[in-house]
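Following: one structure in structure tokens, then a few remarks.
Note on naming: letters A, B, ... go to the chains in the order of the sequence lines (proteins, then strands), and numbering restarts at 1 for each one.
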Number of protein chains: 2
Amino acid sequence: MTMSNTAGRRKPPTIHDVARVAGVSRGTVSRVLNGGHYVSPAAQEAVNAAIRKTGYVVNRHARSLITGRSDSIGFLLTEPQEKLFEDPNFNVLLRGCTQALAAHDIPLLLMLAGTEDERRRITRYITAGHVDGVLLVSSHSGDPVAEELREAGVPLVQCGKPMGLGSKVSYVAADDRDGARDMVRHLLSLGRRRIGVVTGPLDTPGGVERLAGYKEVLTDGGVEIDERLVVTGDYSRASGAAGAERLLERAPDMDAVFVASDLMAQGVLSALRRAGRRVPEDVSVGGFDDSPAATESAPALTTIRQPWDRISSEMVRVLLAQIGGDDPAAVILPTVLVRRDSA
Amino acid sequence: MTMSNTAGRRKPPTIHDVARVAGVSRGTVSRVLNGGHYVSPAAQEAVNAAIRKTGYVVNRHARSLITGRSDSIGFLLTEPQEKLFEDPNFNVLLRGCTQALAAHDIPLLLMLAGTEDERRRITRYITAGHVDGVLLVSSHSGDPVAEELREAGVPLVQCGKPMGLGSKVSYVAADDRDGARDMVRHLLSLGRRRIGVVTGPLDTPGGVERLAGYKEVLTDGGVEIDERLVVTGDYSRASGAAGAERLLERAPDMDAVFVASDLMAQGVLSALRRAGRRVPEDVSVGGFDDSPAATESAPALTTIRQPWDRISSEMVRVLLAQIGGDDPAAVILPTVLVRRDSA
DNA sequence: TTCTCTACTGTGAACGCTCACATACGCAGG
DNA sequence: CCTGCGTATGTGAGCGTTCACAGTAGAGAA
């Protein structure tokens, strides 16, 4: 990393310049910059005018050097990174977090830890205090990064419920179980009784919880659980198609499928079409996520909307609170059933 | 932005600690950290051992304060941000840039400038010198951000050829025109003669260039340009469907379509299906991008692959070179025709 | 020897900011 | 009158680096 100084950019004004122009001291300028307590209205105004006039922008490095915080936070993805391309939710989340942080004037550092090497590098970077906190996307269980960061005392908020022991780590998640309940209840209300399910990976809380909601509602509704109607996918489109094929093979009388993600549901739709089943006439299909893909499929997917915009803003809120000294917190947000054509 | 210091994180070791442990001075440690010139092998080794022992990580803020560079770069998206969700290429690009930078130990700051407010805030942030350079994604013409940053002397690399006057701004782009040529040549080789085109927005270089390639090959091949076979889309799936409908209406004898993006091509495929045309029997369809969507559609899309991984790494290379003092550079990378089922 | 040159090492200053402290100015109460 | 207190302001120190400069030591040349 060798970068020489760039020619043609002139030195930006410092707090000193502002103080001189405003006719006050550095201290007063600094106080105005940091909330304006103990500053007379006259000085306040003079400083603000001087800031406008000089075009002053605070030098965050100098500030960080003394405050010990970086005023920046990391967005860390430890999933294998193909997920980045397959899952549209990731985009919504990343955008939401970036904007929520921007509102606090905090830059977001994007960190991708696909390989072991990257993981080590990033862990060092974070624990060295170069970010004040971390927004973590990592649904798989046993992720050592989360544990390592937690032990190092780095403020941390996970997206989605962590699997491990209820270790004291903050997280924000949609109510997976309740969303699944809503969908399966909806399928029941349509008169369906042979309801299949394509779950997510069962080492992810989303996979487990959505399956649990499915079983709960069926049991409560007096429908017996048939394990032939339960298959596991990995949230990919292909695994959805494969899952549907397996379901049709094991339970040809299936009249509905609850699919734990929209992407998988797209695969399910293709497989059903190939098998000659009409959706929703022969088989109702319910997805999960309300991703953009949901409206693009034919027929449009009935699905469970996860409130991604709220998830991202809550993640940021919880993280900043934790950085401010609050205890870790768990936030679970309600989902919404979105009725379209597939069920 | 108020963040109190977090409890429970202890002070990281400084260059002083390393020097003490290694039995040398700060200066020597600093020299080892910055390339190790004029350091004896013995001192070198002692310092490295001390670094390992103490777990020292350089404090980038202190370094930046004196060097005047931030050793971080910004990834700036000025497109309306729905593009972020619709366009899978964006993901590939973002990931590629992050990783290419990671190899240089440079963090990437994600900046989204959707609104006017955000634009101003981000421009201030950048011109204040808080990043050493900017990777810019902004295909629309007349983007004032690019101009503003250029005037401020901020090293800048655009993704895609900028529209404006050949102003001296670096960019990295795929060879749009040549890619279009390849595809249309391919369609001609299949015996198609009534070849329609759904272009991108004509205020983007991609839109213009791909259309130019299309016209070039037809003219060279002795096929007369029929303006009824030319419609303009906006890279969205919906605009592809609408475009195909308009084409069919104006030229029912169309036997092929070159679509300027895979996403639009998906819309075209749906529209053709709805109109009862078989692909590729009745109408051949050629896309552009080779996005993940290309293999997911039915039939799988014949398309032009843009070398996104190389685009991102070249963007980073060019930007770092420019930060190092090099002149702005333009890089144009070759595309590849990927034959699948749709043509 | 003495002088120069090269390779290496240590030291003080400075980067731009915040924080703790000192100070100054009313204005109340004793 | 002095004391005390709350508000408002200025000042010095120091955050952890790098950089320029001043050395030091040893080798080779005069």
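Ion pairing between a basic and an acidic side chain is recognised when a charged N comes within 4.0 Å of a carboxylate O; A:E314 and A:R317 show such pairing. Salt bridge annotation for B:R95-A:E118: absent, with no cationic side-chain nitrogen under 4.0 angstrom from a carboxylate oxygen.
For DNA chain D, the residues of residues 16-32 of chain A within the heavy-atom distance limit of 4.0 Å (strictly under) are A:V24, A:S25, A:R26, A:G27, A:T28, A:R31, sorted by number.
Nucleotides of DNA chain C nearest to B:L65 and B:H37 differ in position, and the one nearer the 5' end is that of B:H37.
Among the candidates A:D71, A:D105, A:D132, the single residue satisfying the salt bridge (Lys or Arg N to Asp or Glu O under 4.0 Å) test with A:R60 is A:D105.
To the nearest angstrom, P of C:dC19 lies 9 Å from CZ of A:R63. Rounded to whole Å, atom P of C:dC15 lies 17 Å from atom CZ of B:R69. Atom P of nucleotide C:dT18 and atom CZ of A:R60 are separated by 11 Å, given to the nearest angstrom. The CD1 atom of A:I66 sits 15 Å away from the C1' atom of C:dA14 (whole-angstrom rounding). The separation between A:L33 atom CG and C:dC19 atom P is 11 Å, rounded to whole Å.
At distances below 3.5 Å, not a single donor-acceptor pair connects side-chain atoms of B:R121 with backbone N or O atoms of A:A103. Judged by distance alone, the side chain of A:S170 and the main-chain N or O of A:A329 form a donor-acceptor pair under 3.5 Å.
For the OP1/OP2 pair of C:dA24 and a distance below 4.0 Å, the side-chain nitrogens and oxygens of A:Y38 include no atom meeting the criterion.
Looking at every heavy atom in both residues, A:L93 comes nearest to A:S312 through O-CB, 3.8 Å. For the residue pair A:K161 and A:P205, the shortest heavy atom distance occurs at O-CG, 2.5 Å.
Ring pair B:H130/A:H61 is perpendicular by interplanar angle, where above 60° counts as perpendicular and below 30° as parallel.
When DNA chain D is scanned 5' to 3' for any atom under 4.0 Å from a heavy atom of chain B, the first and last hits are D:dG16 to D:dT18.
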